[in-house]
Amino acid sequence: MEWLKELNQQQLEAVLSTEGPLLVLAGAGSGKTRVITYRIAYILNMGLAKPGNILAITFTNKAADEMKERIKKLVGIESFSEMWISTFHSACARILRMEAHSIGFSNNFVIFDMQDRHQLLKECFEKLNIDQDRLELRYVSRQISNFKNMLISPSDTHKMGDVDPRIVEIYRLYNKLLKEYNALDFDDLIYHTITLFRTNPDILERYQQKFKYILVDEYQDTNDAQFKLIYLLAQKHRNICVVGDDDQSIYSFRGANVRNILEFENVFSDAKVIKLERNYRSTKTILSVANEVIKNNTSRKEKKLWTENNEGEKIYLYTAFDEIDEANFVSMSIKNLIQSGVKPSEIGILYRTNAQSLNFENALSSHAIPYKVVGSLRFFERKEIKDIIAYLRLVTNPHDNLSLFRIINVPKRGIGPGTVEKIKVLSDEYGISAYSLLKERGAMEFDRRTYLKLNEFIFLLEDIRAEADSKSVVEVIKLVLDKTKYMETLLSSKNEEDFQRVKNLEQLISAAAVFEEENEDKSLQNFLNSITLSFEEDEAQKEDRVLLMTIHAAKGLEFDVVFLTGLEEGLFPLLRAEDINGMKEELEEERRLCYVAITRAKKFLVLTYANNRRVFGRFSSRQRSCFLDEIPANYIQQVYTPLRKINFSDMSFNENQQSVTKDSLAVGDIIQHNRFGIGKVLSLSEDLNEVLIEFENYGQKRLLLSYANLRKIG
DNA sequence: CACGTCTTCCTTTTT
DNA sequence: GGAAGACGTG
């Protein structure tokens with residue numbers, strides 16, 4: 001295990017301490033992912049456990065995939081499907097698929113996303129005759145989610161003090177409907193898994209036995225339910241390793257509880273604690289700025305990140321006239337940076353809210369800079385995609401009323417709101433699903449003309465279902481598009497938008513094709529499962545483009561250059577007048593968010609804010625963010641024009657302790673590259689600046705040694 | 001019942 | 001400035 005030499009003292013200790021509870025406090029850029037992957041590789045290589053005995057929880061599916069790739073490289077084993085590397089939600093879905101009957105669901109349950117949840121809540125409001133002003137709906141939705149994240153059932157809500165009885169009523173009905181539709185929402189996945197374990201000790205025992213080693217990444221962002229789950233599972237072997245950084249806890253709105261990390265040592269009294277405080281990512285300046293900002297928070301574990309990296313440049317600050325000026329400054333600076341040799345994909349534009357992306361998109365495209373927006377309008381949330389998915393869901397489960405009502409008149413087939421309302425009322429009355437009602441009682445309850453239309457619809461669904469059995473996912477989708485005339489309707493439209501929709505649907509088909517290639521379980525069921533739980537973008541990720549995203553989405557990523565934008569009071573920190581009570585805590589979370597943003601930067605950090613900004617289309621004047629005042633002036637270089645070209649190669653430093661330098665590399669060496677993986681050195685240029693490498697998976701590449709950040713592995 | 005225009009409300013952040 | 005719902009007309 002040569003690769004163990006790549007680790008520093010603390011990292012190594014974290015890898016080798018395989019037995020018993022372990023808390024790794026890993027500061028930003030301190031190599032925490034490396035610790036987790038190497039730890040798993042070590043456990044496997046030492047024969048301490050089989051792949052099937054390992055449960056590794058990551059925060060996103062993307063992170064899970066990356067982790068699998070890295071471990072694969074270290075260990076080179078094949079039995080990966082046996083190793084559970086996934087998010088909490090995916091892991092729970094996987095368990096529940098097998099055990100659903102034990103909690104009163106059938107194993108072909110569907111997973112409701114946030115849109116679905118809102119839709120269903122709306123139904124609840126209607127059924128209970130509760131005035132649904134929109135604000136209330138969002139509030140109720142959040143409440144219910146909080147309850148589930150704290151493992152509080154409808155009948156337990158009184159424990160939370162004064163809860164609006166209407167909310168309890170809605171909560172109860174909402175759960176009841178979910179069950180009728182055989183559906184689970186995101187929070188249910190965790191909640192029900194815990195219920196399953198609590199009510200079926202034998203099942204719990206089985207999983208406890210199975211998971212000899214449990215690892216949790218981004219532990220600071222776990223909520224009460226997730227903690228409970230881990231706690232239950234780890235009881236048997238107690239080999240539980242959690243990795244996190246309380247300073248990067250940014251998901252309390254989702255129920256994340258920082259106390260989980262702060263109190264780990266109390267819950268597991270024999271826990272070992274290892275701190276990783278050496279940062280390998282950023283310049284000294286950037287790290288100092290991050291430290292200066294975060295030290296204003298009161299409730300945190302004391303720690304001091306340090307680095308051996310260069311001092312680096314001062315950070316830049318630009319004050320824009322308005323948000324358009326801001327976007328232009330950023331775009332023109334990026335143009336110059338790219339001309340200086342910075343790769344577009346090494347540049348990130350970060351902002352607090354998704355709504356801010358638009359100006360940057362406009363400015364970037366007018367400067368012909370390649371970019372990609374991460375997140376925002378997610379593919380699987382588009383109308384046309386959700387429509388088709390609704391059909392697919394009905395194929396697996398005809399009693400999913402929500403999906404049925406979504407597409408009962410899509411494309412238009414003459415079934416209007418009046419008829420839909422009648423179906424709802426009647427199916428309620430008879431206590432059966434809308435589908436059953438139409439099938440069994442349609443002829444009696446509706447007049448002839450309506451009945452014919454309804455019958456045609458039911459027939460369509462059954463027709464699709466009958467054929468779907470013997471078909472692959474791709475074929476089923478095509479079948480739906482064809483039989484429903486969905487595609488036909490779009491194609492005959494002269495609307496520009498509809499043309500885009502056709503392209504999106506084509507993408508859905510290719511996404512399904514990729515799914516079939518990559519998954520062992522190729523069932524429609526599993527397809528539906530995977531698309532609600534992950535928003536895996538298509539392969540465009542590898543392309544060399546500037547990335548735009550929210551700070552939340554940037555967690556775990558790093559860039560040579562980061563533009564942190566919109567640093568204005570009210571926007572970042574984003575605080576609302578309503579919650580004066582939670583003010584301090586909320587501000588601290590915003591500050592952590594700021595800390596996360598700053599520590600994404602490796603070499604350059606550029607901060608911007610605008611004196612004026614159009615909010616909801618209204619022009620309003622702005623004040624600079626309080627976070628800016630927390631940065632000592634000597635770190636800041638105020639600029640008034642876009643950044644000029646720079647000598648970028650001067651900026652490089654060794655980010656990894658084992659990075660190769662000119663003298664240490666020879667022809668024939670085996671190296672590892674962050675992006676391209678493992679390769680062999682074919683030749684070196686005379687001045688030793690350039691190197692030609694044959695990569696296992698990417699073929700030959702000519703790289704500049706000063707950027708390439710190669711690690712020698714043999 | 002479909003389609004077009006008018007109004008309202010809006011914005012956190014995501015699995 | 002834009003989406004989603006309300007309202008009114010063909």
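Since we're looking at a predicted model, the values are computed, not measured. So that the names make sense, note that chain A is the first sequence line, chain B the second, and so on, each numbered from 1. As a basis for the values below, the full set of heavy atoms in this structure was taken, side chains included, without hydrogen atoms, waters or symmetry mates.
- Ionic pairing of Asp217(A) and Lys32(A) is present here: one or more N-O contacts between side-chain nitrogen and carboxylate oxygen are shorter than 4.0 angstrom.
- Applying the 4.0 Å criterion to OP1 and OP2 of dT15(B), one finds that Lys62(A) has every side-chain N and O outside that range.
- Contact annotation for Asn149(A): no contact, since no heavy-atom pair falls under 4.0 Å across all strands.
- As a whole-Å value, the separation of Glu586(A) CD from dT11(B) C1' is 14 Å.
- Here, dT11(B) and dA6(C) have their C1' atoms 22 Å apart, quoted to the whole Å.
- Between dT15(B) and Ser90(A), no contact under 4.0 Å exists linking OP1 or OP2 to a side-chain N or O.
- A salt bridge links Asp116(A) with Arg393(A): at least one charged nitrogen is closer than 4.0 Å to a carboxylate oxygen.
- An OP1 or OP2 oxygen of dT15(B) is reached within less than 4.0 angstrom by no side-chain nitrogen or oxygen of Asn223(A).
- In this model, the phosphate group of dT15(B) is not approached by any side-chain N or O of Asn61(A) to a distance below 4.0 Å at OP1 or OP2.
- Atom NZ in Lys383(A) sits about 9 Å away from atom C1' in dA4(C), given to the nearest Å.
- The interatomic distance linking Gln115(A) (CD) with dT14(B) (P) rounds to 14 Å, in whole Å.
- Listed candidates were dT12(B), dT15(B), dT14(B). Nearest to the side chain of His89(A) is dT15(B).
- At least one side-chain nitrogen or oxygen of Thr419(A) sits closer than 4.0 Å to the OP1 or OP2 atom of dC1(B).
- In terms of phosphate contacts, Arg138(A) brings a side-chain nitrogen or oxygen within less than 4.0 Å of OP1 or OP2 of dT11(B).
- Every residue two or more places apart in sequence or in another chain that forms a side-chain hydrogen bond (donor to acceptor under 3.5 Å, both in side chains) with Asp247(A) is listed here: Arg300(A), Lys303(A).
- Atom CD1 in Ile250(A) sits about 13 Å away from atom P in dT13(B), given to the nearest Å.
- Separation of the P atoms belonging to dA4(C) and dT13(B) is 15 Å when rounded to the nearest angstrom.
- In this entry the distance linking NE2 of His118(A) with C1' of dA4(C) reads 14 Å, nearest Å.
- In this pair, Phe253(A) and His552(A) present their aromatic rings perpendicular. The plane angle is above 60°, beyond the 30 to 60° band.
- Note on Tyr251(A): only backbone sugar-phosphate atoms sit closer than 4.0 angstrom, heavy atoms only; bases stay farther off.
- OP1 or OP2 of dT14(B) lies within a sub-4.0 Å distance of a side-chain N or O belonging to Asn354(A).
- If you measure from atom CD of Glu568(A) to atom P of dT12(B), you get 17 Å, rounded to the nearest angstrom.
- Listed nucleotides: dT14(B), dT12(B), dA2(B). Nearest to the side chain of Lys412(A): dA2(B).
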